Every structure is written in C-alpha cells, then in structure tokens.
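Just so it is clear: chains get the letters A, B, ... in the order the sequence lines come, proteins before strands, and each one is counted from 1. Not measured: the values here are computed from a predicted model.
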Amino acid sequence: MPRAAVAEAFQRWQTANPTPTTELEYGNGFQLLVAVVLSAQSTDKGVNLATRRLFPVAPDAAAMATLGEAGIAEHIKTIGLYRNKAKNVAMLSRILLERHAGEVPADRGALEALPGVGRKTANVVLNTLFRQPTMAVDTHIFRVANRMGLAPGKDVLEVEKALLRRVPKDFLLDAHHWLILHGRYVCTARKPLCGQCIVRDLCEYRDKTD
DNA sequence: ATCCCGAGGG
DNA sequence: CCCTCTGGAT
C-alpha cells in the first residue's frame with residue numbers, strides 16, 4: 001500500500017473516531033495493567049465481566065496481594081487461561097508493592113519484568129496509561145496490517161517495526177486503538193465486513209475470500 | 001513448538 | 001464441531 005494511502009486511512013479513522021481508547025474498564029493505573037494482563041487470548045467483554053467482580057474486592061496492588069492467587073482465581077474463572085493469570089496477577093501485585101510503592105512503572109524494562117507482562121502488554125500500558133507512541137501488535141493488528149497491506153510482516157515484531165516506520169507521526173499516539181477497533185468490528189478474522197469498511201478502496205484485500 | 005483454557009460465534 | 005479472542009512462559 002502506498003504511503004499516501006496509509007495516511008488517508010488513518011485520516012478517515014480519526015475523522016470517524018477522534019479520541020479512540022480501550023474498551024477495557026478500569027478505575028486506576030493498576031486496574032488497567034491487570035485488565036490488560038487478563039485480556040490475553042480473551043475478549044474485552046469477558047475481561048470486563050470478570051473485573052467487575054474482582055476490582056471492587058481488590059482495587060489496588062495491596063488489596064490484590066492480600067486476596068492472593070486462590071482468591072483471584074475464584075473471581076476470574078470465566079476467562080480462559082485463568083489459573084496462569086491468577087498466579088501472575090498475585091505475584092505482579094507483590095512485586096509492585098516491593099519495588100514500585102504499589103504504582104505502575106512508566107518504564108518498559110520494569111513492566112516486562114512483571115510476570116504475565118511481555119512486549120505487547122507493556123506497549124499497551126505505555127500507550128494507554130502514559131500516552132507514549134508505542135505500537136502494541138496483537139492478533140487484530142497483526143491481521144489488519146497484513147491483510148490491508150498497511151504494514152506487512154511475518155511476525156508481530158516485524159509488523160510493529162513496519163507500523164512505527166509507516167504510520168505518520170500525527171496518528172501514532174492513537175493508531176493502536178484505531179487498528180484494534182477496526183479489526184474487532186469491521187476487519188474481522190473470519191468474514192471481514194468489507195461492505196461497511198470506510199477504507200475499503202485503499203485495501204489490497206477488499207472482499208476476497210482467502 | 002507447546003501449553004494454558006473459558007465463553008461466544010458460526 | 002471448529003475458530004477466535006488486545007499473549008506469555010517454558
């Protein structure tokens with residue numbers, strides 16, 4: 001896809017949705033971090049159902065550490081991978097208390113040192129919470145970037161670099177959320193809704209059927 | 001490369 | 001039934 005088409009696509013997404021953000025529900029930075037950790041291979045909708053039970057009981061790192069792995073697991077059993085996630089959230093809460101006064105660090109290295117936090121989760125937290133121009137490449141963005149020809153790559157790190165290279169600076173801060181929402185509601189995995197896509201004429205895929 | 005792992009959609 | 005969902009650790 002030509003550079004001008006990339007810019008045009010983001011221009012349209014911005015016009016349609018000037019201030020995009022996450023659909024995860026959270027009341028503070030700690031809750032956003034936990035919600036993103038829980039969102040691995042799960043829908044935001046499902047995560048929100050679980051955190052509506054979990055966060056009233058454990059709104060911060062101290063309360064979460066006190067609740068502990070077993071208590072956390074009880075509240076999030078409806079999400080996939082819940083045993084690993086309960087273990088990670090319990091440990092991560094303890095580490096935040098010990099090393100960061102219970103606060104979420106605005107630092108990639110410190111974030112990725114937390115259990116259950118890899119490059120993608122760190123990128124989401126840095127962007128959503130601290131407004132840094134990172135590009136977290138998840139299943140949606142990997143698919144959209146490759147399918148449209150927006151920023152092709154064989155793995156998520158390649159797509160991340162390609163996006164950082166190709167997305168105009170003015171759109172970089174919000175690009176992550178536009179791409180997520182586009183992938184979730186329009187450029188879906190199974191049957192993309194090309195009929196209601198506002199960037200269809202710029203897309204290398206259009207309504208092919210794979 | 002494999003495991004983790006529930007809910008919703010087709 | 002199979003596929004997908006804002007992945008990470010081993």
(message) So for atom CD, which belongs to A:Glu103, do other residues, nucleotides or ligands contribute more than 12 heavy atoms lying within a distance under 6.0 Å?
(response)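 Result for CD/A:Glu103: open.
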(request) Count the heavy atoms of every other residue, nucleotide or ligand shown that sit under 6.0 Å from CE of A:Met91, and state whether that count exceeds 12. (result)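 No - once you tally the heavy atoms of other residues, nucleotides and ligands closer than 6.0 Å, there are 12 at most.
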Which part of the nucleic acid, if any, lies within contact of [X], taking any heavy atom under 4.0 Å across all strands shown: a base, the sugar-phosphate backbone alone, or nothing?
{"X": "A:Thr188", "result": "nothing"}
{"X": "A:Gly116", "result": "sugar-phosphate"}
{"X": "A:Val117", "result": "sugar-phosphate"}
{"X": "A:Leu38", "result": "nothing"}
{"X": "A:Ser39", "result": "sugar-phosphate"}

(message) With a 4.0 Å cut-off on N to O distance, would you call A:Asp174 and A:Arg131 a salt bridge?
(response)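 The answer is yes: the pair qualifies as a salt bridge.
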(request) In plain terms, say whether A:Arg94 and A:Glu98 are close enough for a salt bridge, that is, a side-chain N and a carboxylate O under 4.0 Å apart. (result)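 Judged by the 4.0 Å cut-off on N to carboxylate O distance, A:Arg94 and A:Glu98 do not form a salt bridge.
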Round to a whole Å and report the spacing from [atom1] of [X] to [atom2] of [N].
{"X": "A:Leu81", "N": "B:dT2", "atom1": "CG", "atom2": "P", "value": "17 Å"}
{"X": "A:Asp138", "N": "C:dT4", "atom1": "CG", "atom2": "C1'", "value": "12 Å"}
{"X": "A:Arg83", "N": "C:dA9", "atom1": "CZ", "atom2": "C1'", "value": "16 Å"}
{"X": "A:Glu112", "N": "C:dG7", "atom1": "CD", "atom2": "P", "value": "16 Å"}
{"X": "A:Phe142", "N": "C:dT4", "atom1": "CZ", "atom2": "C1'", "value": "15 Å"}
{"X": "A:Lys120", "N": "C:dC5", "atom1": "NZ", "atom2": "C1'", "value": "10 Å"}
{"X": "A:Asp155", "N": "C:dG8", "atom1": "CG", "atom2": "P", "value": "14 Å"}
{"X": "A:Tyr82", "N": "B:dC5", "atom1": "OH", "atom2": "C1'", "value": "8 Å"}

(message) Need to verify one output field. Residue with the more 5' nearest nucleotide on DNA chain C, A:Arg119 or A:Gly183?
(response) A:Gly183
(request) Would you mind telling me which residue lines up with the more 5' stretch of DNA chain C, A:Leu24 or A:Leu114, judged by nearest nucleotide? (result) A:Leu24
For nucleotides 7-10 of chain B, which of its nitrogen or oxygen atoms have a protein nitrogen or oxygen under 3.5 Å away, and what is each distance?
residue, atom, partner, partner atom, Å
B:dG9, N2, A:Arg190, NH2, 3.3

(message) For A:His182 and A:Trp13, take the angle between the two ring planes, folded into 0 to 90°, and tell me which bin it lands in: parallel under 30, tilted 30 to 60, perpendicular over 60.
(response)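 If you compare the ring of A:His182 with that of A:Trp13, the planes turn out tilted.
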(request) Evaluate the side-chain hydrogen bond (donor to acceptor under 3.5 Å, both in side chains) criterion for residues A:Arg53 and A:Thr78: first the C-alpha distance (whole Å), next the side-chain angles of each, then the deciding distance (0.1 Å), finally the verdict. (result) CA-CA 11 Å; A:Arg53 298 188 292 267; A:Thr78 51; 2.8 Å; yes
(message) If I pick the P atom on B:dA7 and the same atom on C:dG8, what distance separates them, to the nearest angstrom?
(response) 23 Å
(message) Suppose we screen for side chain to side chain contact (heavy atoms under 4.5 Å, CB included). Which residues come up paired with A:Ala86, at least two apart in sequence or across chains?
(response)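 So A:Ala86 forms a side chain to side chain contact (heavy atoms under 4.5 Å, CB included) with A:Glu69, A:Ile72, A:Ala73, A:Ile76.
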(request) Ignoring the backbone of A:Thr121, work out which of C:dG8, B:dG6, C:dC5 is nearest its side chain. (result)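 Selected nucleotide (nearest to the side chain): C:dG8.
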